[in-house]
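In what follows, chains carry the letters A, B, and so on, assigned in the order in which the sequence lines appear, proteins first and then strands, with residues in each chain numbered from 1.
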2 protein chains.
Amino acid sequence: MSVLEETDLRVSLMKVTRRLRAEKSDTELTDSQMSVLAVLDRSGPLTPRALADFERVQPPSMTRTLASLDARGLVDREPDPADGRQIIVRITPSGAAAVTATRRQRDAWLARRLADLDPEERAVLARASQILRRIADS
Amino acid sequence: MSVLEETDLRVSLMKVTRRLRAEKSDTELTDSQMSVLAVLDRSGPLTPRALADFERVQPPSMTRTLASLDARGLVDREPDPADGRQIIVRITPSGAAAVTATRRQRDAWLARRLADLDPEERAVLARASQILRRIADS
DNA sequence: GGGGAATAGTTAGCACGGCTAAGCAGTTCG
DNA sequence: CGAACTGCTTAGCCGTGCTAACTATTCCCC
């Protein structure tokens with residue numbers, strides 16, 4: 001078995017991610033917008049601070065992303081009745097629909113590439129996906 | 001065996017790449033600047049057009065990135081003696097040093113994570129690296 | 001050889017999303 | 001009560017993606 005070189009893996013990761021990132025269309029949400037919506041869709045209502053921490057972003061950056069999502073009606077922002085400093089961000093039905101639509105569009109490029117692989121290679125990527133997730137969260 | 005979902009793989013890739021990107025050296029090179037320098041370091045002098053195509057970016061974006069690298073003395077831009085329309089971009093010794101420094105730092109972060117894996121997991125990532133490279137180049 | 005088409009690079013201007021600094025409102029606690 | 005802390009926002013800088021439009025040069029075909 002080949003030796004795993006950090007540089008090789010890193011370059012592969014960045015290259016394929018750059019390709020993925022390039023696969024956008026006009027109607028599509030940006031990376032950060034999509035990512036925030038996906039978190040809200042999966043985890044339920046959160047505060048801006050919690051979202052910023054999760055995305056490893058500073059609070060002002062999250063404010064801007066949320067303002068943009070709010071303006072498009074994809075999220076709601078309501079004051080927290082229990083703590084006047086906090087805001088509760090909630091995904092709207094329209095936002096949830098956008099998550100689904102955008103995800104589908106985004107996955108299309110990758111799905112086409114995966115379709116060209118043989119089952120064993122797909123299995124490798126499935127396992128790698130889990131391992132990389134663990135690394136990213138560490 | 002788990003099913004490979006495009007979304008899972010895509011999110012894993014983007015998450016870990018985001019973490020990697022955060023590991024920049026003190027020289028404060030951005031991802032795109034670093035990427036261009038790395039290409040020049042590996043492939044030798046290139047034209048802006050060639051760099052733009054390689055990075056899958058429009059020429060004006062590359063112009064700006066190159067201007068910034070030029071201003072920092074990390075690349076040189078000289079007219080092509082053979083074709084008056086073209087420019088030849090060349091990495092400087094200082095630019096090559098920046099590549100090495102950043103690469104070392106990013107590899108270090110990843111190397112620490114890989115060290116926590118067992119050999120079988122590392123083998124999976126080694127194979128995935130090759131598969132992803134092929135996908136990125138497709 | 002001359003003239004239009006194509007190519008290379010740039011400039012201008014917009015959008016977006018990182019960041020820090022600073023400010024305001026609300027909460028906590030000595 | 002008042003000072004310190006927390007949560008969010010605003011203001012403003014920067015990098016980098018884009019398109020449109022411009023200049024300069026080269027190519028190619030009549």
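- A nucleotide of DNA chain C counts as in contact with chain A when one of its atoms lies under 4.0 Å from a heavy atom; the first and last such, 5' to 3', are C:dC16 to C:dT27.
- Residue A:S61 is classed as a base contact, given a heavy-atom separation below 4.0 Å to a base.
- When each of B:L29, B:V36, B:L37 is checked for a side chain to side chain contact (heavy atoms under 4.5 Å, CB included) with B:Q33, only B:L29 meets the rule.
- Near-neighbour residues of DNA chain C inside residues 38-50 of chain B, defined by a heavy atom below 4.0 Å, number-ordered: B:T47, B:P48, B:R49.
- Closest non-hydrogen pair, A:R90 versus A:P45, comes out as NH1-CG, 3.3 Å.
- Among the heavy atoms of the strands, none lies under 4.0 Å from A:E55.
- Proximity note for A:Q86 (side chain, C-beta onward) versus D:dC8, D:dC13, D:dG17: the nearest is D:dC8.
- Taking A:R134 as the reference, B:E121 meet the side chain to side chain donor-acceptor pair (under 3.5 Å) condition, with sequence neighbours excluded.
- Each of A:M62 and A:A82 lies near DNA chain C, and the nucleotide nearest A:M62 is the one positioned closer to the 5' end.
- B:P119 places a side-chain heavy atom less than 4.5 Å from the side chain of B:R122.
- A:T63 comes within contact range of at least one nucleobase, with a heavy-atom separation under 4.0 Å.
- Electrostatic pairing of B:D116 and B:R112 does not count as a salt bridge here, judged by no charged N lying under 4.0 Å from a carboxylate O.
- Hydrophobic clustering (ILVMFWY, side-chain heavy atoms < 4.5 Å, transitive): A:V39 and A:V99 are in one cluster.
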